[in-house]
Amino acid sequence: TQLLEQSPQFLSIQEGENLTVYCNSSSVFSSLQWYRQEPGEGPVLLVTVVTGGEVKKLKRLTFQFGDARKDSSLHITAAQPGDTGLYLCAGGGDYKLSFGAGTTVTVRA
Amino acid sequence: ETGVTQTPRHLVMGMTNKKSLKCEQHLGHNAMYWYKQSAKKPLELMFVYNFKEQTENNSVPSRFSPECPNSSHLFLHLHTLQPEDSALYLCASSQELGTGGIYGYTFGSGTRLTVV
(Lines give C-alpha, C1' and ligand atoms only; values in the text may rest on other atoms or scores of the structure.)
Protein backbone atom coordinates (compact mmCIF):
# COMPACT_ATOMS: atom_id res chain seq x y z
CA THR A 1 0.00 0.00 0.00
CA GLN A 2 1.38 3.40 -0.99
CA LEU A 3 0.77 5.94 1.78
CA LEU A 4 -0.14 9.56 1.16
CA GLU A 5 0.04 12.03 4.02
CA GLN A 6 -1.96 15.24 3.82
CA SER A 7 -1.41 18.37 5.86
CA PRO A 8 -2.83 20.17 7.60
CA GLN A 9 -5.68 17.96 8.74
CA PHE A 10 -7.96 20.95 9.29
CA LEU A 11 -7.84 24.51 7.96
CA SER A 12 -10.26 27.34 8.75
CA ILE A 13 -9.84 30.69 7.06
CA GLN A 14 -11.75 33.87 6.33
CA GLU A 15 -13.24 34.54 2.91
CA GLY A 16 -10.70 36.26 0.67
CA GLU A 17 -7.62 34.65 2.26
CA ASN A 18 -5.27 32.27 0.49
CA LEU A 19 -4.54 28.70 1.54
CA THR A 20 -2.25 25.82 0.62
CA VAL A 21 -2.68 22.14 1.40
CA TYR A 22 -0.04 19.50 0.94
CA CYS A 23 0.15 15.87 -0.06
CA ASN A 24 3.37 13.92 0.56
CA SER A 25 4.57 10.37 0.10
CA SER A 26 7.76 8.36 0.09
CA SER A 27 6.50 6.59 -3.04
CA VAL A 28 6.70 7.71 -6.65
CA PHE A 29 3.39 7.99 -8.45
CA SER A 30 2.70 7.97 -12.17
CA SER A 31 -0.03 10.55 -11.58
CA LEU A 32 -1.53 12.57 -8.76
CA GLN A 33 -5.15 13.61 -8.49
CA TRP A 34 -7.05 16.01 -6.27
CA TYR A 35 -10.69 15.50 -5.33
CA ARG A 36 -13.09 17.66 -3.35
CA GLN A 37 -15.80 16.08 -1.23
CA GLU A 38 -18.69 18.11 0.11
CA PRO A 39 -20.77 16.97 3.10
CA GLY A 40 -23.16 14.19 2.16
CA GLU A 41 -21.58 13.65 -1.24
CA GLY A 42 -18.86 11.54 -2.81
CA PRO A 43 -15.48 12.93 -3.91
CA VAL A 44 -15.40 14.80 -7.22
CA LEU A 45 -12.27 14.92 -9.36
CA LEU A 46 -10.70 18.38 -9.67
CA VAL A 47 -7.47 17.72 -11.55
CA THR A 48 -4.92 15.13 -12.63
CA VAL A 49 -1.20 15.92 -12.90
CA VAL A 50 1.16 13.44 -14.54
CA THR A 51 4.51 15.14 -15.17
CA GLY A 52 7.05 15.96 -12.46
CA GLY A 53 7.05 19.73 -11.90
CA GLU A 54 3.73 20.16 -13.67
CA VAL A 55 1.53 23.08 -12.64
CA LYS A 56 -2.16 23.27 -13.50
CA LYS A 57 -4.56 26.09 -12.83
CA LEU A 58 -8.32 25.79 -12.47
CA LYS A 59 -9.72 29.29 -11.91
CA ARG A 60 -8.53 30.21 -8.38
CA LEU A 61 -7.01 26.77 -7.73
CA THR A 62 -3.37 25.99 -8.56
CA PHE A 63 -2.08 22.43 -8.43
CA GLN A 64 1.58 21.43 -8.50
CA PHE A 65 3.20 18.01 -8.85
CA GLY A 66 6.62 17.69 -7.27
CA ASP A 67 9.66 17.18 -9.50
CA ALA A 68 10.21 13.69 -8.07
CA ARG A 69 6.50 12.84 -8.40
CA LYS A 70 6.23 12.08 -4.68
CA ASP A 71 4.35 15.15 -3.52
CA SER A 72 1.80 17.73 -4.56
CA SER A 73 0.24 20.96 -3.37
CA LEU A 74 -3.07 22.69 -3.86
CA HIS A 75 -3.20 26.48 -3.52
CA ILE A 76 -6.46 28.42 -3.42
CA THR A 77 -6.37 32.16 -4.00
CA ALA A 78 -9.03 34.42 -2.49
CA ALA A 79 -10.98 31.53 -0.99
CA GLN A 80 -14.76 31.63 -1.04
CA PRO A 81 -17.32 29.81 1.13
CA GLY A 82 -18.04 27.55 -1.85
CA ASP A 83 -14.50 26.19 -1.55
CA THR A 84 -15.43 24.57 1.77
CA GLY A 85 -15.00 20.81 1.71
CA LEU A 86 -12.71 17.85 2.23
CA TYR A 87 -9.78 17.88 -0.19
CA LEU A 88 -8.36 14.45 -0.99
CA CYS A 89 -5.22 13.63 -2.92
CA ALA A 90 -4.88 10.31 -4.70
CA GLY A 91 -1.82 8.71 -6.24
CA GLY A 92 -1.96 6.55 -9.34
CA GLY A 93 0.52 3.72 -9.64
CA ASP A 94 -0.64 0.33 -10.66
CA TYR A 95 -4.25 -0.26 -11.56
CA LYS A 96 -5.73 1.43 -8.48
CA LEU A 97 -5.57 4.73 -6.62
CA SER A 98 -4.16 5.31 -3.13
CA PHE A 99 -5.91 8.07 -1.18
CA GLY A 100 -4.79 10.37 1.60
CA ALA A 101 -6.94 11.07 4.67
CA GLY A 102 -7.79 14.55 3.40
CA THR A 103 -7.69 18.16 4.55
CA THR A 104 -10.95 19.66 5.79
CA VAL A 105 -11.14 23.26 4.60
CA THR A 106 -13.68 25.69 6.04
CA VAL A 107 -14.00 29.15 4.52
CA ARG A 108 -15.93 31.55 6.75
CA ALA A 109 -18.00 34.30 5.16
CA GLU B 1 -29.92 9.18 -15.03
CA THR B 2 -26.18 9.76 -15.33
CA GLY B 3 -23.26 9.25 -12.97
CA VAL B 4 -23.04 6.78 -10.13
CA THR B 5 -26.12 6.25 -7.97
CA GLN B 6 -26.02 4.62 -4.56
CA THR B 7 -28.99 3.48 -2.50
CA PRO B 8 -29.93 3.80 0.24
CA ARG B 9 -28.32 7.08 1.29
CA HIS B 10 -28.66 6.22 4.97
CA LEU B 11 -28.97 2.85 6.68
CA VAL B 12 -29.27 1.92 10.34
CA MET B 13 -29.04 -1.77 11.07
CA GLY B 14 -28.71 -4.05 14.06
CA MET B 15 -25.83 -6.44 14.39
CA THR B 16 -28.04 -9.41 13.52
CA ASN B 17 -29.64 -7.85 10.44
CA LYS B 18 -28.96 -8.57 6.79
CA LYS B 19 -29.03 -5.66 4.37
CA SER B 20 -27.66 -4.77 0.94
CA LEU B 21 -26.16 -1.64 -0.56
CA LYS B 22 -26.73 -0.96 -4.24
CA CYS B 23 -24.60 0.92 -6.75
CA GLU B 24 -25.52 1.65 -10.35
CA GLN B 25 -23.57 3.48 -13.04
CA HIS B 26 -24.71 4.57 -16.49
CA LEU B 27 -21.33 5.82 -17.69
CA GLY B 28 -20.34 2.75 -19.66
CA HIS B 29 -17.43 2.13 -17.28
CA ASN B 30 -15.99 -1.34 -16.95
CA ALA B 31 -14.35 -1.15 -13.52
CA MET B 32 -16.19 -0.66 -10.23
CA TYR B 33 -14.97 -0.29 -6.68
CA TRP B 34 -16.21 -0.36 -3.09
CA TYR B 35 -14.50 1.96 -0.60
CA LYS B 36 -15.00 2.48 3.13
CA GLN B 37 -14.57 6.03 4.44
CA SER B 38 -14.08 6.56 8.18
CA ALA B 39 -13.35 9.86 9.88
CA LYS B 40 -9.70 10.97 9.75
CA LYS B 41 -8.63 7.87 7.81
CA PRO B 42 -7.75 7.42 4.13
CA LEU B 43 -10.32 5.81 1.92
CA GLU B 44 -10.01 2.06 2.34
CA LEU B 45 -10.33 0.03 -0.83
CA MET B 46 -12.52 -3.01 -0.20
CA PHE B 47 -13.25 -4.68 -3.53
CA VAL B 48 -12.42 -4.18 -7.20
CA TYR B 49 -14.42 -5.53 -10.14
CA ASN B 50 -13.37 -5.46 -13.77
CA PHE B 51 -15.90 -6.51 -16.42
CA LYS B 52 -18.00 -7.91 -13.53
CA GLU B 53 -15.17 -10.17 -12.35
CA GLN B 54 -13.67 -9.59 -8.91
CA THR B 55 -10.00 -8.71 -9.21
CA GLU B 56 -9.26 -7.68 -5.65
CA ASN B 57 -10.52 -8.41 -2.15
CA ASN B 58 -8.50 -6.22 0.18
CA SER B 59 -8.65 -8.60 3.17
CA VAL B 60 -12.25 -7.63 3.86
CA PRO B 61 -14.09 -9.65 6.55
CA SER B 62 -16.55 -12.19 5.21
CA ARG B 63 -19.48 -10.32 6.78
CA PHE B 64 -19.15 -8.08 3.70
CA SER B 65 -20.09 -9.92 0.52
CA PRO B 66 -19.94 -8.16 -2.87
CA GLU B 67 -21.88 -9.04 -5.97
CA CYS B 68 -21.49 -7.72 -9.50
CA PRO B 69 -24.13 -9.14 -11.87
CA ASN B 70 -23.01 -6.91 -14.76
CA SER B 71 -20.68 -3.98 -15.43
CA SER B 72 -23.36 -1.45 -14.46
CA HIS B 73 -24.43 -2.80 -11.09
CA LEU B 74 -22.59 -3.53 -7.87
CA PHE B 75 -23.98 -4.71 -4.57
CA LEU B 76 -22.53 -5.04 -1.09
CA HIS B 77 -24.37 -7.55 1.06
CA LEU B 78 -24.04 -7.02 4.79
CA HIS B 79 -24.68 -9.47 7.63
CA THR B 80 -23.78 -9.68 11.32
CA LEU B 81 -21.90 -6.40 11.23
CA GLN B 82 -20.10 -4.81 14.16
CA PRO B 83 -20.44 -1.23 15.44
CA GLU B 84 -16.95 -0.47 14.12
CA ASP B 85 -18.27 -1.12 10.62
CA SER B 86 -20.24 2.11 10.85
CA ALA B 87 -18.90 4.38 8.11
CA LEU B 88 -19.63 5.95 4.74
CA TYR B 89 -19.49 3.31 2.01
CA LEU B 90 -18.61 4.72 -1.38
CA CYS B 91 -18.98 3.11 -4.77
CA ALA B 92 -16.83 4.31 -7.65
CA SER B 93 -16.27 3.47 -11.29
CA SER B 94 -13.60 4.09 -13.92
CA GLN B 95 -13.46 3.57 -17.67
CA GLU B 96 -11.06 0.68 -17.43
CA LEU B 97 -9.15 -0.92 -14.58
CA GLY B 98 -5.93 0.92 -15.31
CA THR B 99 -7.31 4.31 -16.35
CA GLY B 100 -8.34 5.63 -12.95
CA GLY B 101 -5.02 7.38 -12.52
CA ILE B 102 -5.54 9.37 -15.73
CA TYR B 103 -9.26 9.96 -16.02
CA GLY B 104 -10.15 9.58 -12.38
CA TYR B 105 -12.87 7.77 -10.54
CA THR B 106 -16.52 8.77 -10.54
CA PHE B 107 -17.95 8.32 -7.07
CA GLY B 108 -21.48 7.90 -5.87
CA SER B 109 -22.81 9.94 -2.95
CA GLY B 110 -22.30 7.03 -0.60
CA THR B 111 -24.37 5.14 1.95
CA ARG B 112 -24.00 6.32 5.53
CA LEU B 113 -24.16 3.08 7.53
CA THR B 114 -24.75 2.97 11.26
CA VAL B 115 -24.57 -0.37 13.06
CA VAL B 116 -26.32 -0.44 16.42
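Numbers restart at 1 for each chain; the letters A, B, ... are given by sequence-line order, proteins then strands.
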**Study point:** Residues E15(A), R108(A): salt bridge by 4.0 Å N-O rule
**Key:**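 Salt bridge flag = no for R108(A) with E15(A).
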Review point. Can you tell me if CD on E5(A) sees more than 12 non-hydrogen neighbours from other groups inside 6.0 Å?
Key: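 At most 12 heavy atoms, drawn from other residues, nucleotides or ligands, come within 6.0 Å of this atom.
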Review point. Do other residues, nucleotides or ligands put more than 12 heavy atoms under 6.0 Å from the NZ atom of K19(B)?
Key: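 Not buried by this count: 12 neighbours or fewer within 6.0 Å.
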For [X], is it the side chain, the backbone, both or neither that has a heavy atom under 4.5 Å from a heavy atom of chain B?
X: Y35(A); result: side chain
X: Q9(A); result: side chain
X: Q6(A); result: neither
X: S30(A); result: neither
X: L88(A); result: side chain

Review point. Do any N or O atoms from the side chain of N58(B) and from the backbone of L45(B) form a donor-acceptor pair under 3.5 angstrom?
Key: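 Answer holds: yes.
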Check your understanding: Which of the residues H10(B), R112(B), Q6(B), Q37(B) is involved in the greatest number of heavy-atom pairs with chain A at under 4.5 angstrom?
Key ->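 Between H10(B), R112(B), Q6(B), Q37(B), the count favours Q37(B).
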Check your understanding: When heavy-atom pairs shorter than 4.5 Å are enumerated against chain A, which of E56(B), R9(B), E44(B), K40(B) gives the highest number?
Key ->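 Of the candidates given, the most pairs with chain A belong to E56(B).
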Review point. Any chain of hydrophobic side-chain contacts (each under 4.5 Å) joining L97(B) to L90(B)?
Key: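 Result: yes, single cluster for both.
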Review point. Going hydrophobic residue to hydrophobic residue with side-chain gaps under 4.5 angstrom, can you get from V115(B) over to L21(B)?
Key: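 Same cluster.
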**Study point:** Leading residue by heavy atom contact count with chain B [cutoff under 4.5 Å; candidates L86(A), V44(A), L45(A), L97(A)]
**Key:**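 Going by pairs under 4.5 Å, I would pick L97(A).
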Exercise for review: Output the option from G102(A), G92(A), G100(A) having the highest count of non-hydrogen pairs under 4.5 Å with chain B.
Suggested key: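 Most pairs with chain B among the choices: G100(A).
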Check your understanding: Just checking, any donor-acceptor pair under 3.5 angstrom between side chains of Q33(A) and T48(A)?
Key ->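 Q33(A) vs T48(A): donor-acceptor pair found between side chains.
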Practice item. Pick one of side chain, backbone, both or neither for Y105(B), based on which atoms fall under 4.5 Å of a heavy atom in chain A. Key: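 Contact with chain A involves both backbone and side-chain atoms of Y105(B).
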